[in-house]
Amino acid sequence: AELGAWNVLQGARTLCSFGALTRDTSLDAAALSHAKYQVDLAFATGDSTPSHLETPGVPGFTGIYPWDRAVYQGYNYQGLAEILEATVWDYSAAPSFPTMETRGADAMRNLLNTVYHLSGAMYEGSEVGLGAYLKTNQINGSTWREEFRFGSLNAYRSGHPRITLGTGKVVTFPCQGSNNVPTTFSPADESPNPFVDSAYANTLVGPPIYLKVDAPQVLTVNPLSSSIIQNGAAVPFTVLTKDNDPNIDAVNNRPYIGANEVFVIPTTPLTPNTSYQVSLNGTTNGVPFNRTFTMTTGS
(Lines give C-alpha, C1' and ligand atoms only; values in the text may rest on other atoms or scores of the structure.)
Protein backbone atom coordinates (compact mmCIF):
# COMPACT_ATOMS: atom_id res chain seq x y z
CA ALA A 1 0.00 0.00 0.00
CA GLU A 2 2.82 2.39 0.84
CA LEU A 3 4.45 1.67 -2.53
CA GLY A 4 1.24 2.35 -4.42
CA ALA A 5 0.70 5.65 -2.61
CA TRP A 6 4.34 6.66 -3.04
CA ASN A 7 4.23 6.14 -6.81
CA VAL A 8 1.08 8.26 -7.17
CA LEU A 9 2.31 11.08 -4.90
CA GLN A 10 5.83 11.28 -6.30
CA GLY A 11 4.49 11.17 -9.85
CA ALA A 12 2.01 13.99 -9.21
CA ARG A 13 4.54 16.21 -7.45
CA THR A 14 7.29 15.80 -10.05
CA LEU A 15 4.97 16.19 -13.06
CA CYS A 16 3.54 19.43 -11.68
CA SER A 17 6.83 20.87 -10.30
CA PHE A 18 5.98 20.75 -6.59
CA GLY A 19 9.28 19.00 -5.89
CA ALA A 20 10.34 15.39 -5.50
CA LEU A 21 10.28 13.77 -2.05
CA THR A 22 12.57 11.41 -0.15
CA ARG A 23 11.18 8.61 2.02
CA ASP A 24 12.12 8.78 5.70
CA THR A 25 11.95 5.72 7.95
CA SER A 26 11.07 7.69 11.10
CA LEU A 27 8.12 9.33 9.35
CA ASP A 28 7.15 5.94 7.91
CA ALA A 29 7.05 4.56 11.46
CA ALA A 30 4.95 7.48 12.71
CA ALA A 31 2.45 7.12 9.85
CA LEU A 32 2.14 3.36 10.29
CA SER A 33 1.75 3.64 14.06
CA HIS A 34 -1.12 6.11 13.69
CA ALA A 35 -2.82 3.98 11.01
CA LYS A 36 -2.77 1.00 13.37
CA TYR A 37 -3.95 3.14 16.29
CA GLN A 38 -6.98 4.28 14.28
CA VAL A 39 -7.94 0.78 13.12
CA ASP A 40 -7.64 -0.75 16.59
CA LEU A 41 -9.61 2.12 18.12
CA ALA A 42 -12.36 1.77 15.49
CA PHE A 43 -12.85 -1.90 16.34
CA ALA A 44 -12.70 -1.20 20.08
CA THR A 45 -15.28 1.60 20.02
CA GLY A 46 -17.33 1.02 16.87
CA ASP A 47 -16.50 4.56 15.72
CA SER A 48 -14.72 4.58 12.34
CA THR A 49 -14.27 8.36 12.13
CA PRO A 50 -10.64 9.15 11.27
CA SER A 51 -8.76 11.70 13.36
CA HIS A 52 -5.39 13.43 13.35
CA LEU A 53 -5.36 13.23 17.16
CA GLU A 54 -4.51 10.45 19.59
CA THR A 55 -5.68 10.17 23.20
CA PRO A 56 -3.24 9.43 26.02
CA GLY A 57 -3.96 6.08 27.66
CA VAL A 58 -5.50 4.50 24.55
CA PRO A 59 -3.53 1.44 23.36
CA GLY A 60 -1.03 2.39 20.66
CA PHE A 61 -0.78 6.05 21.74
CA THR A 62 2.50 7.72 20.72
CA GLY A 63 1.55 11.42 20.69
CA ILE A 64 -1.49 13.69 20.64
CA TYR A 65 -0.61 15.59 17.46
CA PRO A 66 1.09 14.40 14.24
CA TRP A 67 4.27 16.29 15.11
CA ASP A 68 4.33 14.67 18.55
CA ARG A 69 4.24 11.26 16.90
CA ALA A 70 7.06 12.26 14.53
CA VAL A 71 9.20 13.34 17.49
CA TYR A 72 8.38 10.06 19.28
CA GLN A 73 9.88 8.20 16.31
CA GLY A 74 13.01 10.36 16.39
CA TYR A 75 12.17 12.92 13.70
CA ASN A 76 13.21 16.45 14.74
CA TYR A 77 10.67 18.31 12.62
CA GLN A 78 10.62 21.98 11.67
CA GLY A 79 7.39 21.84 9.64
CA LEU A 80 4.92 19.01 9.01
CA ALA A 81 1.62 18.19 7.31
CA GLU A 82 -0.42 15.01 7.75
CA ILE A 83 -3.13 13.67 5.44
CA LEU A 84 -5.35 10.66 6.17
CA GLU A 85 -7.64 8.33 4.22
CA ALA A 86 -10.09 5.87 5.81
CA THR A 87 -12.24 3.15 4.26
CA VAL A 88 -14.68 0.75 5.93
CA TRP A 89 -16.02 -2.32 4.17
CA ASP A 90 -18.79 -4.56 5.54
CA TYR A 91 -19.56 -7.79 3.69
CA SER A 92 -21.26 -11.14 4.22
CA ALA A 93 -19.58 -12.88 1.27
CA ALA A 94 -15.94 -12.17 0.57
CA PRO A 95 -15.65 -9.87 -2.47
CA SER A 96 -12.79 -9.77 -4.93
CA PHE A 97 -10.31 -7.78 -2.87
CA PRO A 98 -7.98 -5.22 -4.49
CA THR A 99 -4.27 -5.67 -3.93
CA MET A 100 -2.66 -3.67 -1.16
CA GLU A 101 -0.71 -1.66 -3.75
CA THR A 102 -3.98 -0.74 -5.44
CA ARG A 103 -5.50 0.26 -2.10
CA GLY A 104 -2.59 2.60 -1.39
CA ALA A 105 -2.63 4.12 -4.87
CA ASP A 106 -6.39 4.69 -4.69
CA ALA A 107 -6.07 6.24 -1.22
CA MET A 108 -3.52 8.77 -2.49
CA ARG A 109 -5.59 9.54 -5.59
CA ASN A 110 -8.58 10.23 -3.35
CA LEU A 111 -6.49 12.57 -1.20
CA LEU A 112 -5.26 14.44 -4.28
CA ASN A 113 -8.88 15.00 -5.33
CA THR A 114 -9.70 17.24 -2.34
CA VAL A 115 -9.04 20.76 -1.08
CA TYR A 116 -7.30 20.73 2.29
CA HIS A 117 -5.72 17.29 1.87
CA LEU A 118 -4.40 18.21 -1.57
CA SER A 119 -2.65 21.17 0.02
CA GLY A 120 -1.11 18.79 2.56
CA ALA A 121 0.05 16.41 -0.17
CA MET A 122 1.83 19.31 -1.90
CA TYR A 123 3.37 20.67 1.32
CA GLU A 124 6.93 22.02 1.11
CA GLY A 125 8.50 19.30 3.24
CA SER A 126 11.25 17.44 1.40
CA GLU A 127 10.71 14.14 3.25
CA VAL A 128 7.68 11.89 3.54
CA GLY A 129 6.51 8.94 5.59
CA LEU A 130 3.72 6.61 4.48
CA GLY A 131 1.81 4.09 6.56
CA ALA A 132 -1.14 1.78 5.89
CA TYR A 133 -2.88 -0.76 8.11
CA LEU A 134 -5.66 -3.23 7.31
CA LYS A 135 -7.63 -5.41 9.71
CA THR A 136 -10.77 -7.53 9.31
CA ASN A 137 -13.01 -8.73 12.17
CA GLN A 138 -16.24 -10.70 12.25
CA ILE A 139 -18.75 -8.27 13.77
CA ASN A 140 -21.69 -10.70 13.90
CA GLY A 141 -22.59 -14.21 12.78
CA SER A 142 -22.74 -13.34 9.10
CA THR A 143 -20.90 -10.05 8.61
CA TRP A 144 -17.25 -9.08 8.52
CA ARG A 145 -15.91 -5.56 8.76
CA GLU A 146 -12.71 -4.43 7.13
CA GLU A 147 -11.04 -1.27 8.45
CA PHE A 148 -8.29 0.31 6.33
CA ARG A 149 -6.31 3.39 7.27
CA PHE A 150 -3.66 5.21 5.30
CA GLY A 151 -1.62 8.23 6.31
CA SER A 152 1.13 10.40 4.90
CA LEU A 153 3.44 12.73 6.83
CA ASN A 154 5.24 15.32 4.71
CA ALA A 155 7.86 17.23 6.68
CA TYR A 156 11.22 18.92 6.87
CA ARG A 157 13.50 18.83 9.88
CA SER A 158 15.59 21.35 11.74
CA GLY A 159 18.71 22.23 9.81
CA HIS A 160 17.32 20.85 6.53
CA PRO A 161 15.90 23.02 3.76
CA ARG A 162 12.26 22.91 2.76
CA ILE A 163 11.26 22.73 -0.90
CA THR A 164 10.97 26.20 -2.44
CA LEU A 165 9.57 27.09 -5.84
CA GLY A 166 11.26 30.45 -6.41
CA THR A 167 10.03 34.02 -6.27
CA GLY A 168 7.00 34.57 -8.48
CA LYS A 169 6.74 30.94 -9.63
CA VAL A 170 3.18 29.61 -9.64
CA VAL A 171 2.62 25.84 -9.79
CA THR A 172 -0.66 24.01 -10.25
CA PHE A 173 -2.15 20.57 -9.74
CA PRO A 174 -3.45 19.23 -12.08
CA CYS A 175 -1.05 20.63 -14.64
CA GLN A 176 0.00 20.17 -18.26
CA GLY A 177 0.09 16.44 -18.95
CA SER A 178 -2.23 15.42 -16.10
CA ASN A 179 -4.54 12.64 -17.23
CA ASN A 180 -7.06 10.36 -15.56
CA VAL A 181 -8.20 13.45 -13.66
CA PRO A 182 -11.36 12.60 -11.66
CA THR A 183 -14.62 13.94 -13.04
CA THR A 184 -16.18 14.68 -9.65
CA PHE A 185 -15.36 15.77 -6.11
CA SER A 186 -17.74 15.32 -3.17
CA PRO A 187 -17.10 18.10 -0.63
CA ALA A 188 -19.14 16.22 1.99
CA ASP A 189 -16.58 13.39 1.89
CA GLU A 190 -13.75 15.69 3.01
CA SER A 191 -13.42 16.67 6.64
CA PRO A 192 -13.76 19.54 7.14
CA ASN A 193 -16.15 20.20 4.26
CA PRO A 194 -14.59 23.03 2.20
CA PHE A 195 -18.06 24.17 1.11
CA VAL A 196 -19.82 23.89 4.46
CA ASP A 197 -22.96 26.07 4.66
CA SER A 198 -22.84 26.78 0.90
CA ALA A 199 -24.92 25.57 -2.04
CA TYR A 200 -22.18 23.07 -2.94
CA ALA A 201 -21.80 21.44 0.48
CA ASN A 202 -23.74 18.27 -0.37
CA THR A 203 -23.49 18.15 -4.16
CA LEU A 204 -20.98 16.72 -6.60
CA VAL A 205 -18.68 19.32 -8.12
CA GLY A 206 -15.62 19.02 -10.35
CA PRO A 207 -12.03 18.21 -9.31
CA PRO A 208 -10.22 20.98 -7.42
CA ILE A 209 -7.40 22.77 -9.22
CA TYR A 210 -4.72 23.89 -6.76
CA LEU A 211 -2.39 26.87 -7.25
CA LYS A 212 0.54 27.65 -4.99
CA VAL A 213 3.46 30.04 -4.60
CA ASP A 214 6.07 30.17 -1.88
CA ALA A 215 4.92 31.81 1.34
CA PRO A 216 4.80 34.60 2.37
CA GLN A 217 3.94 35.72 -1.17
CA VAL A 218 0.26 36.53 -1.69
CA LEU A 219 -1.48 34.73 -4.56
CA THR A 220 -4.71 35.88 -6.23
CA VAL A 221 -6.75 34.51 -9.14
CA ASN A 222 -9.02 36.71 -11.24
CA PRO A 223 -12.15 34.65 -12.03
CA LEU A 224 -13.25 37.12 -14.71
CA SER A 225 -10.15 36.57 -16.85
CA SER A 226 -9.65 32.86 -16.01
CA SER A 227 -11.45 29.98 -17.69
CA ILE A 228 -11.96 26.24 -17.97
CA ILE A 229 -13.01 25.36 -21.52
CA GLN A 230 -14.18 22.10 -23.09
CA ASN A 231 -14.76 22.09 -26.84
CA GLY A 232 -15.49 25.81 -26.82
CA ALA A 233 -17.90 25.66 -23.87
CA ALA A 234 -17.06 27.39 -20.60
CA VAL A 235 -17.21 25.35 -17.38
CA PRO A 236 -18.53 27.30 -14.37
CA PHE A 237 -16.21 27.43 -11.39
CA THR A 238 -15.72 29.05 -8.02
CA VAL A 239 -12.56 30.22 -6.28
CA LEU A 240 -11.59 29.36 -2.71
CA THR A 241 -8.98 31.48 -0.93
CA LYS A 242 -7.83 32.40 2.54
CA ASP A 243 -10.43 35.16 2.56
CA ASN A 244 -13.47 32.94 1.91
CA ASP A 245 -12.26 29.67 3.46
CA PRO A 246 -15.25 28.62 5.62
CA ASN A 247 -13.13 26.61 8.08
CA ILE A 248 -10.64 27.63 10.75
CA ASP A 249 -7.74 25.45 11.87
CA ALA A 250 -8.33 25.26 15.63
CA VAL A 251 -4.65 24.54 16.33
CA ASN A 252 -3.39 27.68 14.55
CA ASN A 253 -6.62 29.75 14.80
CA ARG A 254 -6.47 30.71 11.13
CA PRO A 255 -8.00 29.55 7.83
CA TYR A 256 -6.70 26.26 6.45
CA ILE A 257 -5.99 27.90 3.09
CA GLY A 258 -2.91 30.11 3.15
CA ALA A 259 -2.48 33.50 1.46
CA ASN A 260 -0.07 31.76 -0.94
CA GLU A 261 -2.72 29.22 -2.08
CA VAL A 262 -5.84 29.33 -4.26
CA PHE A 263 -8.29 26.62 -5.32
CA VAL A 264 -10.28 26.86 -8.56
CA ILE A 265 -13.14 24.36 -8.43
CA PRO A 266 -15.62 23.54 -11.22
CA THR A 267 -19.12 23.76 -9.78
CA THR A 268 -20.42 20.95 -12.00
CA PRO A 269 -18.98 17.48 -12.68
CA LEU A 270 -16.70 17.12 -15.69
CA THR A 271 -17.21 14.75 -18.60
CA PRO A 272 -15.27 11.44 -18.65
CA ASN A 273 -12.40 10.91 -21.11
CA THR A 274 -12.40 14.55 -22.11
CA SER A 275 -9.71 17.23 -22.45
CA TYR A 276 -10.17 20.61 -20.78
CA GLN A 277 -8.20 23.78 -21.51
CA VAL A 278 -7.46 25.71 -18.33
CA SER A 279 -6.31 29.34 -18.30
CA LEU A 280 -5.64 30.92 -14.92
CA ASN A 281 -4.79 34.60 -14.50
CA GLY A 282 -3.98 36.50 -11.34
CA THR A 283 -1.16 38.09 -9.38
CA THR A 284 1.71 37.11 -7.11
CA ASN A 285 2.48 39.98 -4.77
CA GLY A 286 0.74 42.21 -7.31
CA VAL A 287 2.74 40.96 -10.31
CA PRO A 288 0.51 39.42 -13.03
CA PHE A 289 0.84 35.75 -13.98
CA ASN A 290 -0.84 33.35 -16.40
CA ARG A 291 -0.89 29.55 -16.31
CA THR A 292 -2.38 27.69 -19.26
CA PHE A 293 -2.57 23.92 -19.53
CA THR A 294 -4.65 21.01 -20.78
CA MET A 295 -5.84 18.26 -18.46
CA THR A 296 -7.70 15.10 -19.42
CA THR A 297 -10.30 13.30 -17.31
CA GLY A 298 -10.47 9.55 -16.77
CA SER A 299 -13.36 7.19 -17.30
Side-chain angles (χ1 to χ4, degrees), residues 1-25 27-36 38-39 48 50-52 66 69-70 80-89 97-134 146-156 163 171-175 177-187 189-192 194 206-210 212 256 261 263 265 295-299:
E2 288 87 351
L3 175 62
W6 162 256
N7 288 337
V8 171
L9 177 61
Q10 188 78 319
R13 288 185 61 113
T14 54
L15 175 67
C16 295
S17 301
F18 283 85
L21 302 174
T22 302
R23 290 283 296 275
D24 180 85
T25 55
L27 292 176
D28 281 343
L32 177 59
S33 173
H34 188 54
K36 185 177 186 302
Q38 292 182 92
V39 168
S48 297
S51 174
H52 292 280
R69 302 192 295 271
L80 181 147
E82 179 181 64
I83 54 176
L84 302 173
E85 167 78 356
T87 60
V88 184
W89 198 348
F97 294 110
T99 66
M100 290 300 290
E101 187 171 345
T102 297
R103 291 176 191 267
D106 287 346
M108 184 56 72
R109 290 189 188 100
N110 289 340
L111 290 164
L112 293 176
N113 187 38
T114 57
V115 173
Y116 306 121
H117 292 77
L118 171 53
S119 173
M122 298 302 177
Y123 185 65
E124 62 261 33
S126 57
E127 296 175 306
V128 69
L130 307 167
Y133 191 74
L134 172 70
E146 178 184 284
E147 294 272 3
F148 175 76
R149 297 293 182 278
F150 168 78
S152 169
L153 290 166
N154 179 217
Y156 61 98
I163 293 175
V171 291
T172 73
F173 179 85
C175 62
S178 293
N179 51 35
N180 291 317
V181 174
T183 58
T184 63
F185 164 55
S186 174
D189 289 340
E190 183 171 19
S191 179
I209 299 171
Y210 177 50
K212 179 182 180 181
Y256 284 95
E261 303 173 298
F263 289 87
I265 305 172
M295 65 181 189
T296 304
T297 56
S299 57

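Position 1 is the first residue of the sequence, and the numbers go up from there.
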Can you pull out every side-chain hydrogen bond (donor to acceptor under 3.5 Å, both in side chains) where at least one residue sits in residues 99-108? Sequence neighbours excluded, please. T99-T102, R103-E146, D106-R109
Give a yes or no on whether the backbone of M122 and the side-chain of K212 come within a donor-acceptor separation of less than 3.5 Å. yes
Lys/Arg N to Asp/Glu carboxylate O, E2 vs R23, below 4.0 Å: no
To check you understand the geometry: which heavy-atom pair defines the closest contact between L32 and A132, and what is its length? CD1-O, 3.3 Å
Out of curiosity, Y156 OH to S126 OG, how far, rounded to the nearest 0.5 Å? 9.5 Å
Tell me if a side-chain donor or acceptor on R13 pairs with a main-chain N or O of A20 at a distance below 3.5 Å. no
Less than 4.5 Å apart, side chain to side chain, heavy atoms only: is that true for P194 and F185? yes
With E147 via salt bridge (Lys or Arg N to Asp or Glu O under 4.0 Å) - residues at least two apart: R149
Please give me the minimum heavy-atom distance between P98 and W89, naming the atom from each residue. CD-CZ3, 3.8 Å
Decide side-chain contact (heavy atoms from CB on, under 4.5 Å) for V128 and S152; before the verdict, give the C-alpha distance in whole Å, the side-chain angles of both, and the deciding distance to 0.1 Å. CA-CA 7 Å; V128 69; S152 169; 3.4 Å; yes
Apply the test side-chain contact (heavy atoms from CB on, under 4.5 Å) to residues M100 and F148: give CA-CA distance (whole Å), side-chain angles for both, the deciding distance (0.1 Å), then the verdict. CA-CA 10 Å; M100 290 300 290; F148 175 76; 4.0 Å; yes
Say whether, by atom type as modelled, one donor and one acceptor occur between the side chain of S33 and the main chain of A29 under 3.5 angstrom. no
Check against side-chain contact (heavy atoms from CB on, under 4.5 Å), S178 and T296: CA-CA 6 Å; S178 293; T296 304; over 6 Å; no
Would you mind reporting whether I209 and M295 have side-chain heavy atoms less than 4.5 Å apart? yes
Point-to-point distance, once rounded to the nearest 0.5 Å, from SG of C16 to OH of Y210: 12.0 Å
Side-chain contact, heavy-atom cut-off 4.5 Å: V8 with L112? yes
Just how far is it from atom CG of L130 to atom CG of L9, taken to the nearest 0.5 Å? 7.0 Å
Of V115, N113, L118, which is the lone residue that meets side chain to side chain contact (heavy atoms under 4.5 Å, CB included) with E190? V115
List the atom of G125, the atom of I163, and the distance in Å for their closest heavy-atom pair. O-CD1, 3.6 Å
Return the minimal non-hydrogen interatomic distance between P208 and P174, and the atom names on each side. O-CD, 3.7 Å
Heavy-atom side-chain proximity of Y123 to F18 below 4.5 angstrom: no
Rounded to the nearest 0.5 Å, the CG atom of L80 sits from the CG atom of L153 at a distance of 5.0 Å
For the pair I83 and E85, evaluate side-chain contact (heavy atoms from CB on, under 4.5 Å) and give the outcome as yes or no after the intermediate values. CA-CA 7 Å; I83 54 176; E85 167 78 356; over 6 Å; no
Hey, can you tell me if Y116 and Y256 have their rings parallel, tilted or perpendicular (30° and 60° cut-offs)? tilted
Whether the side chain of N154 engages the backbone of E127 through a donor-acceptor N/O pair (distance < 3.5 Å, no angle test) should be reported. yes
Taking all atoms of both residues into account, what is the closest heavy-atom pair of P207 and P182, and its distance? CG-O, 3.1 Å
Any idea which heavy atoms bring L111 and L84 closest together, and the distance? CD2-O, 3.1 Å
H34 (side chain) donor-acceptor with S51 (main chain) under 3.5 angstrom: yes
